[in-house]
Protein chains: 2
Amino acid sequence: MTAGQGTVTMGDVARLAGVSKMTVSNVINNRPGVSEPVRRRVLEVVRESGYRINVSARTLRSGRTGVLGLAVPHVNSAYFGLLAEHVIEEAAGRGFHIAIEQTGAAAEGEFEVIAQSHKLQFDGLILSASGLDPADQRLVGGGIPMVMLGERDFAASFDHVAMPNEEGTKAAAEHLADRGCRRIAIVTGALGDGDVNVVTRRHRGYLAALLERGLAAEPELLVALDEMNARGGRRAAHRMVDSGLGFDGAVAVTDGVAQGLLRGFADRGVRVPDDVRLIGFDDVPDAEIMVPSLSTVSPDHRWMAAKAVELVTARIEDPERPATEHTAPFTIAERESTR
Amino acid sequence: MTAGQGTVTMGDVARLAGVSKMTVSNVINNRPGVSEPVRRRVLEVVRESGYRINVSARTLRSGRTGVLGLAVPHVNSAYFGLLAEHVIEEAAGRGFHIAIEQTGAAAEGEFEVIAQSHKLQFDGLILSASGLDPADQRLVGGGIPMVMLGERDFAASFDHVAMPNEEGTKAAAEHLADRGCRRIAIVTGALGDGDVNVVTRRHRGYLAALLERGLAAEPELLVALDEMNARGGRRAAHRMVDSGLGFDGAVAVTDGVAQGLLRGFADRGVRVPDDVRLIGFDDVPDAEIMVPSLSTVSPDHRWMAAKAVELVTARIEDPERPATEHTAPFTIAERESTR
DNA sequence: GACCGCAGCTGTATCGATAAAGAAGCGGTG
DNA sequence: CACCGCTTCTTTATCGATACAGCTGCGGTC
């Protein structure tokens with residue numbers, strides 16, 4: 001059978017098996033009230049005829065698709081690739097399919113996905129928000145079960161799985177201090193960036209660590225990125241070295257940025273960890289492979305994925321349940337860059 | 001309006017606007033034959049009522065969803081992330097949405113996606129196949145417009161956008177020879193791997209280059225990976241050094257493997273490019289950022305994405321058109337690892 | 001023997017949109 | 001004035017599956 005015409009419908013199966021459509025439906029969906037001989041006969045015909053259920057029709061009637069949307073800033077990013085892989089697995093365990101969408105890390109893109117998620121027939125949406133303003137009215141209009149992933153400050157209105165932004169960065173900076181660093185820089189997005197929440201939270205954790213270790217938080221040690229990725233990190237490293245900024249440790253806001261810093265330091269002959277110790281955030285798979293391998297804050301990605309999927313499915317079941325917030329556990333992965 | 005009950009249908013809009021459903025449908029779909037005042041009135045009501053079209057109903061009637069599936073081995077992979085980003089853009093330009101699926105780089109996963117693509121309502125499928133046997137009968141049953149991406153040997157039966165596997169690797173090996181390398185290793189998957197076609201094709205290109213440059217193809221210079229990724233590459237590098245294999249250049253089957261080799265050489269104190277020159281294949285974004293930056297075969301990813309999308313859409317329009325095959329253009333990106 | 005309960009199956013309306021054919025209004029024409 | 005062609009809008013019949021009420025046959029009960 002080729003494509004096109006030859007679509008076998010449930011009615012055809014019913015006719016061929018000598019039963020009603022409803023009986024076929026009951027067999028297909030494993031519902032009780034069908035005798036064994038009839039069930040067998042129907043399944044036989046289904047196989048022979050090559051019948052495949054029409055999902056549009058089913059969805060039109062039942063209202064469920066079994067597809068969850070996962071909206072990430074960029075599919076082309078180690079961190080989100082990793083996350084996606086875990087979410088796909090977790091969702092499969094609960095009988096859901098994941099469709100990945102890209103928002104472009106902009107509030108506009110995120111609203112677009114929310115608005116389109118009904119068009120794409122999602123039963124629920126896991127949104128790895130970055131540009132979103134939690135107060136934006138457009139968030140309310142969605143009317144689709146939704147979980148925020150990796151951001152904070154949505155607690156009141158949405159289910160939310162947060163990264164340990166503050167705690168993680170605090171531990172990272174303390175880790176550097178424990179290795180003997182005294183002038184620790186933080187390389188992060190500028191405020192007003194798309195990733196305001198992540199940026200400010202992580203900065204706050206850094207400050208808390210300095211305070212606790214009795215180190216001064218000098219303003220020039222806050223290095224602002226022009227672009228929050230490896231390219232931006234590389235340029236930042238050049239500026240840090242060229243401007244004569246004295247520092248013996250650096251906390252990077254993400255592993256991607258840290259990778260850029262490594263590259264930028266290499267460009268200028270600054271050795272890691274001999275001259276400068278460096279720590280990142282995320283623990284992407286590459287961190288282990290980089291030269292030198294990258295110490296980093298390692299949130300439990302699987303835990304986050306599992307929690308997110310658990311929360312959406314729970315909300316699909318009961319749209320009225322109160323929103324909850326959860327922060328992922330983390331460890332510090334110590335590697336060559338801080339040894 | 002919250003979730004749940006308050007679903008506004010096209011009929012409601014029609015009633016509120018004092019026109020028929022069909023007129024609303026015509027307005028929604030920008031079809032001609034609606035006067036300006038009526039059009040405005042309908043759009044007004046659509047806005048006020050918060051009406052959103054029910055895609056299942058539309059799909060049930062029209063048979064089109066506007067969604068293309070993109071099936072890749074792993075979403076958690078720099079190369080496929082990059083590819084996906086381009087495909088998403090190209091598809092958007094033609095009014096299609098992309099849903100990304102993961103096959104797990106196994107033939108089973110790939111069939112699963114093909115089989116499920118009707119369930120997920122894809123109008124067409126772009127399949128980045130790796131484990132698939134082109135002769136497998138199950139391929140025929142799909143009945144969905146499909147394009148193979150990155151593999152070869154499907155010419156007869158499917159539209160196909162190929163990587164310049166043979167040509168690219170040949171150029172890569174020649175590039176090393178031109179830089180003075182005399183004992184060039186190739187690090188690649190074992191035959192019988194999931195990626196047989198890629199592996200054999202790239203190996204063939206390597207052999208052709210050696211032949212052309214009058215270099216001997218010694219068997220021990222073929223290094224087989226136990227895993228075709230960075231981890232496997234790292235282990236391979238260790239073996240290459242520890243076993244006393246003499247070599248002054250290496251062609252890696254992918255950039256991911258090359259990254260692992262870089263790491264593995266660093267572990268053993270082998271310097272790139274001073275002691276060994278290294279070249280990869282794919283030109284993932286990381287290649288520029290690695291330390292040292294990685295020379296690599298750079299296929300035109302945008303071109304591939306554009307071609308793939310063009311081919312599926314063409315096949316959706318005309319399922320009977322003959323299958324065609326296209327090979328992506330490429331350049332050699334020269335960076336530090338071969339300088 | 002009339003009646004009940006129940007498992008197993010059927011008939012029909014319905015989900016929300018769209019395609020195709022048909023009606024209504026209107027200026028122009030012989 | 002009957003008729004035409006055109007635009008604008010309406011009507012009716014689906015698309016394929018599912019929910020629900022209803023029908024049937026049959027063993028059991030008083």
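Keep in mind that this is a model prediction, so the values were computed, not measured. The sequence lines fix the lettering, A, B, ..., with proteins before strands; numbering per chain opens at 1.
For B:Thr23, a side-chain nitrogen or oxygen approaches OP1 or OP2 of D:dT10 to under 4.0 Å. When the side-chain nitrogen and oxygen atoms of A:Arg58 are compared with OP1 and OP2 of D:dT18, one or more of them lie within a distance under 4.0 Å. The side chain of B:Ser25 contributes an N or O atom lying less than 4.0 Å from OP1 or OP2 of C:dT18. The side chain of A:Thr9 places no N or O atom within less than 4.0 Å of a non-bridging phosphate oxygen (OP1 or OP2) of D:dG16. Taking side-chain N and O atoms only, A:Asn29 has a distance below 4.0 Å to OP1 or OP2 of D:dT18. Residue A:Ser35 has a polar side-chain atom (N or O) positioned under 4.0 Å from OP1 or OP2 of C:dC9.
Considering only the side chain of B:Met22, D:dT10 comes nearest among D:dA17, D:dT10, C:dG16. In this structure, the nucleotide among C:dT10, C:dA17, D:dT10 sitting nearest to the side chain of B:Lys21 is C:dA17.
Within 4.0 Å of B:Arg31, counting heavy atoms only, lie sugar-phosphate atoms of the nucleic acid but no base atom. Using a 4.0 Å heavy-atom distance criterion, A:Val34 is classed as a sugar-phosphate-only contact. Using a 4.0 Å heavy-atom cutoff across all strands shown, A:Ser62 reaches no nucleic acid atom at all.
Side-chain atoms of A:Asp123 come within 3.5 Å of backbone N or O of A:Thr65 as a donor-acceptor pair. Between the side chain of B:Asp12 and the backbone N or O of B:Val8, no donor-acceptor pair lies under 3.5 Å. Without hydrogens or angle criteria, B:Thr23 side chain to B:Val19 main chain gives no donor-acceptor distance under 3.5 Å.
Rounding to whole angstrom units, CG of residue A:Asn26 and P of D:dA19 are separated by 9 Å. Following rounding to the nearest Å, A:Arg61 (CZ) and D:dC15 (C1') show an atom-to-atom distance of 14 Å. One interatomic measurement links the two molecules: CG of A:Leu60 to P of C:dA13, which rounds to 17 Å at whole-angstrom precision. C:dC15 atom P lies 19 Å from atom CZ of A:Arg64, rounded to whole Å. To the nearest angstrom, C1' of C:dT10 lies 15 Å from CE of A:Met10. Across the protein-nucleic acid pair, A:Arg15 atom CZ and C:dC9 atom P stand 20 Å apart, rounded to whole Å. For the pair A:Arg52 CZ and D:dA17 P, the interatomic distance rounds to 12 Å; values are reported in whole Å. One atom, CG of B:Asn54, and another, P of D:dA17, lie 16 Å apart when rounded to the nearest Å.
When all heavy atoms are compared, the tightest approach of A:Thr103 to A:Ala71 is CG2-CB, 3.9 Å.
Two end axes, each from the C1' atoms of five base pairs, can be drawn for the helix from C:dG1-D:dC30 to C:dG30-D:dC1; they diverge by 80°, to 10 degrees.
Remark: of the listed residues B:Asn54, B:Val46, B:Val24, B:Val24 is the sole one forming a side-chain contact (heavy atoms from CB on, under 4.5 Å) with B:Met10.
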Practice prompt. List the steps, then state whether side-chain contact (heavy atoms from CB on, under 4.5 Å) holds for B:Val147 with B:Phe158.
Written response: CA-CA 6 Å; B:Val147 171; B:Phe158 293 99; over 6 Å; no

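Side-chain polar atoms of B:His97 and A:Glu101 form a donor-acceptor pair below 3.5 angstrom. Of the N and O atoms on the side chains of B:Ser25 and B:Arg31, at least one donor lies less than 3.5 Å from an acceptor on the other residue.
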